[in-house]
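Labels below follow one simple rule: chain letters A, B, ... track the order of the sequence lines, proteins then strands, and each chain is numbered from 1.
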Protein chains: 2
Amino acid sequence: MDRQRTDKNGETSAQGRPTLKTLAFMTGLGVTTVSRALKDAPEIGAETRRRVQLVAKQIGYRPNRAGVRLRTGRTNVISLVLNTDREIMSFVSDIIYGVSEVLAETPYHLIVTPYSRSQDPMEPIRYLVETGSADGVIISRTQPNDPRARYMLEHGMPFATHGRTDMGLVHPYHDFDNHVFAMEAVRRLASMGRHKLALLSPPPGLTYYGHTLNGFADALSEVGASEIPFNTVSIDHTIEQIRTRTAQLMRRENRPDGFVSSAAAATLAIVAGIEDAGLKLGRDVDVVSKQSSDLLHLFRPELLVVNENFRLAGSDLARSVLGWIGGAAPGSLQRLVATSEVQAFSPPVSV
Amino acid sequence: MDRQRTDKNGETSAQGRPTLKTLAFMTGLGVTTVSRALKDAPEIGAETRRRVQLVAKQIGYRPNRAGVRLRTGRTNVISLVLNTDREIMSFVSDIIYGVSEVLAETPYHLIVTPYSRSQDPMEPIRYLVETGSADGVIISRTQPNDPRARYMLEHGMPFATHGRTDMGLVHPYHDFDNHVFAMEAVRRLASMGRHKLALLSPPPGLTYYGHTLNGFADALSEVGASEIPFNTVSIDHTIEQIRTRTAQLMRRENRPDGFVSSAAAATLAIVAGIEDAGLKLGRDVDVVSKQSSDLLHLFRPELLVVNENFRLAGSDLARSVLGWIGGAAPGSLQRLVATSEVQAFSPPVSV
DNA sequence: ATGGCAATCTGTAACGTTTCAGTATATTGA
DNA sequence: TCAATATACTGAAACGTTACAGATTGCCAT
């Protein structure tokens with residue numbers, strides 16, 4: 001197991017990985033001096049500092065994470081907390097890449113802390129805070145009154161949320177403007193002559209559920225369109241459930257002629273349901289959908305899409321947590337990204 | 001910053017998180033005894049053991065990771081190494097969930113170590129080994145002669161690969177039988193009367209590229225079909241590139257009447273290319289595709305699919321690494337999963 | 001009684017780092 | 001010249017854990 005353990009107490013040149021002691025021996029200085037020289041402490045002579053840093057670079061010195069962590073309590077870890085059964089697929093990969101890309105230039109590692117259907121969402125948070133397993137946390141599926149945010153705020157754990165909260169607490173967030181998304185979607189559908197619209201919403205409970213609903217309602221009254229209720233399912237339901245419900249809805253007399261969908265996978269199901277009912281996309285009904293990767297236009301060119309960039313969300317969230325850890329004001333680390341325009345891929349069919 | 005620091009040297013009841021010292025004080029034992037009692041060491045009296053464990057549970061003692069890591073060198077970390085620009089989207093989320101679900105019942109944390117296009121794939125591996133940042137590693141995009149596997153083997157770092165190597169070294173792996181996949185795909189197409197087949201392969205260089213190619217070739221000769229070369233693109237190319245090349249191919253005189261595709265997203269592009277060329281899926285050409293989530297049948301019901309379960313791969317890989325760390329023989333931790341049957345969603349159209 | 005031996009328990013040191021409280025030397029001000 | 005002070009460095013202690021090398025006790029065979 002332990003490969004080489006030649007060194008006794010610092011005099012004999014150490015094997016294995018170099019430590020401060022190794023550097024101290026090589027430079028003839030004390031470990032304290034070396035430690036401070038490496039972090040540019042002011043009370044170290046300019047030449048000594050340079051010398052130490054040179055040697056450190058030469059032999060590839062890297063501070064031992066466990067040593068630092070034990071001594072300082074800093075873990076150099078950011079934890080991304082994910083729901084393992086409800087999270088959108090592309091969300092996971094894109095956000096991880098976004099976070100990674102920011103952390104890559106720092107000493108921080110990314111740990112993924114999962115929780116599942118069966119668990120209380122608070123559990124992973126409590127674990128992280130109680131065990132001090134991370135210096136900062138990123139959470140998603142944010143709720144208006146989010147106990148996780150409150151808890152972390154109370155316990156001094158820096159964090160950032162994907163989506164906003166609404167309880168008067170200030171913390172970093174990254175959010176996509178789903179209010180505007182829903183409004184633009186409705187406006188676009190209205191401009192195509194669609195006036196009986198259904199919304200496949202985010203799961204009730206999450207903050208952006210409200211944003212989406214409000215945007216939808218606001219635009220409906222703005223353009224004078226009406227809503228066909230479709231609230232027995234949300235994007236959290238299975239493909240099959242959404243497909244079935246859509247088909248049922250489309251067979252009713254008072255069926256919608258337009259859909260707004262908050263997620264790409266759900267949109268596949270909606271379209272399938274529409275076609276199950278014998279109707280045709282672009283002729284009988286139009287659909288505006290959010291998507292996070294550029295695939296929906298391959299599925300059906302008649303689909304109208306708005307892009308949400310999860311990779312950007314990831315890097316933004318990572319920067320925010322690091323910022324908070326670094327002492328920035330949490331209120332200055334909030335970002336609401338505007339939605340892009342609704343995009344079409346095939347010329348509109350006149351109704 | 002430091003919240004409470006009442007305790008001086010163990011006599012005064014400690015604040016903050018309980019440590020062995022806290023337990024020692026509460027039970028009236030020495031820290032050594034407490035430490036051993038918690039890990040069921042044989043030289044501890046049965047009653048003492050129970051007593052210590054009871055108190056530990058009551059006050060919610062959790063060993064300090066930094067302490068353990070510094071002392072023992074064990075990190076209790078498994079690292080998943082991912083390519084941030086070539087990895088399949090669903091692969092990332094599913095495999096993370098699979099790994100997580102296994103690690104959840106252990107003290108292990110999952111850290112994601114990314115590398116990008118611009119980097120040498122060896123770099124993250126060297127980092128992990130040199131800094132001892134993980135007790136075990138999971139890699140994907142495995143090559144027949146994989147320098148990462150060789151390096152980790154040489155340096156005693158337990159690991160598992162998604163996909164096999166082919167250099168006579170023995171290590172745990174999880175692999176999907178792409179040879180059989182390609183054969184079954186070809187057989188299915190042949191049974192539908194398709195005899196001029198094109199293969200959209202994995203990227204050359206990866207081990208399963210060879211497996212897929214061989215299976216494809218073997219089945220071609222078995223059923224007496226012929227290959228239409230389509231090797232200017234692989235599933236690593238962009239959607240647009242695949243789409244364009246497919247359209248070009250389908251406009252040629254000697255065009256394929258069947259495709260075998262190694263990835264779902266690429267299949268979307270193939271179908272788009274087919275339709276760009278004015279041809280119809282199921283009538284002019286059939287496509288068999290691998291998929292990892294059940295979405296392709298929504299895209300075009302004529303598609304034929306074979307499912308590959310990445311979540312299973314993840315949990316399997318995690319179990320393998322843990323097994324190796326735990327002392328199991330690496331050769332006993334290898335698994336080749338059979339492909340499911342080729343599935344159809346719409347009745348075949350006679351040609 | 002005495003030596004030997006299990007059975008239990010314990011103190012000390014060490015892992016690598018940072019911080020505290022210095023020490024030694026040179027420099028300054030009067 | 002002498003104290004005061006700044007500059008550059010240092011040892012010891014501590015973070016929480018485990019391993020090593022004992023120490024204490026009771027019991028048994030002699």
Side-chain angles (χ1 to χ4, degrees), chain A residues 1-10 14-25 27-52 56 59 61-76 107 131-133, chain B residues 1-10 14-25 27-52 56 59 61-76 107 131-133:
Chain A
M1 282 296 143
D2 36 15
R3 266 166 264 143
Q4 62 281 82
R5 187 78 17 128
T6 315
D7 125 318
K8 194 171 184 152
N9 59 9
Q15 301 285 46
R17 198 144 87 87
T19 71
L20 287 182
K21 201 150 70 178
T22 319
L23 284 178
F25 177 66
T27 55
L29 297 163
V31 281
T32 305
T33 310
V34 173
S35 173
R36 314 188 93 158
L38 287 177
K39 46 176 55 80
D40 289 317
E43 61 269 58
I44 300 297
E47 196 206 310
T48 305
R49 197 203 323 272
R50 275 202 313 274
R51 200 159 61 86
V52 170
I59 67 172
Y61 167 78
R62 314 238 203 172
N64 178 303
R65 310 193 115 231
V68 176
R69 181 165 170 175
L70 182 58
R71 177 63 234 239
T72 65
R74 296 189 70 241
T75 61
N76 281 319
T131 63
S133 288
Chain B
M1 280 294 142
D2 38 15
R3 266 167 263 143
Q4 61 280 82
R5 187 78 18 128
T6 316
D7 125 316
K8 192 172 186 153
N9 58 9
Q15 299 287 46
R17 199 144 88 87
T19 71
L20 287 182
K21 201 149 70 176
T22 318
L23 284 178
F25 176 67
T27 56
L29 298 162
V31 283
T32 304
T33 310
V34 173
S35 173
R36 315 191 90 158
L38 287 177
K39 46 176 53 80
D40 289 319
E43 62 270 59
I44 301 297
E47 197 205 310
T48 305
R49 196 203 323 272
R50 275 201 314 273
R51 199 158 62 87
V52 171
I59 67 173
Y61 167 77
R62 314 240 204 171
N64 179 303
R65 310 194 115 232
V68 176
R69 180 165 170 176
L70 183 57
R71 178 63 236 242
T72 65
R74 297 188 70 241
T75 61
N76 282 319
T131 63
S133 289

Tell me the interatomic distance from B/Leu70, atom CG, to D/dC15, atom C1', rounded to whole angstroms. 9 Å
DNA chain D: 5'-proximal contact among B/Arg65 and B/Arg36 (nearest heavy atom): B/Arg65
Measure from CZ on B/Arg17 to C1' on D/dG16 and round the result to the nearest Å. 9 Å
Is a donor on one side and an acceptor on the other found under 3.5 Å between the side chain of A/Ser35 and the backbone of A/Val31? no
Here the pair of heavy atoms bringing B/Gly30 nearest to B/Ala24 is C-CB, 3.9 Å
Output the rounded distance in Å from CZ (A/Arg62) to P (C/dT17). 13 Å
A side-chain contact here means heavy atoms from C-beta on lying under 4.5 Å apart; do B/Ile44 and B/Val52 qualify? no
Send over the distance from B/Leu29 CG to D/dT17 C1', rounded to a whole Å. 17 Å
Comparing B/Ile44 with A/Arg71, nearest DNA chain C nucleotide closer to 5' gives the residue B/Ile44
Which atom of B/Leu38 lies closest to which atom of B/Ala56, heavy atoms considered: CD2-CB, 3.7 Å
Distance-only donor-acceptor test, B/Thr32 side-chain atoms vs D/dA19 base atoms, 3.5 Å: yes
Distance test, side-chain N/O of A/Thr48 to OP1/OP2 of D/dA8, below 4.0 Å: no
Interatomic distance, B/Lys39 NZ vs D/dT17 P [rounded to whole Å]: 9 Å
Length of the line joining A/Glu47:CD and D/dT7:C1', which is rounded to integer Å: 15 Å
If you assign each of B/Gly30 and A/Asn64 to its closest nucleotide in DNA chain C, which residue comes earlier from the 5' end? B/Gly30
Check: B/Gly132 main-chain N/O paired with A/Arg65 side-chain donor or acceptor under 3.5 Å: no
Among the nucleotides D/dT17, C/dC9, C/dT17, which one has an atom lying closest to any side-chain atom of B/Pro63? D/dT17
Euclidean distance, atom NZ of residue A/Lys21 to atom C1' of D/dA12 [Å, nearest integer]: 14 Å
Would you say D/dT17 has OP1 or OP2 under 4.0 Å from some side-chain N or O of B/Ser35? no
NA contact type, B/Thr72, heavy-atom cut-off 4.0 Å: base, sugar-phosphate, or nothing? sugar-phosphate
When rounded to whole Å, the CG to P distance for the pair B/Asn76 and D/dT18 reads 10 Å
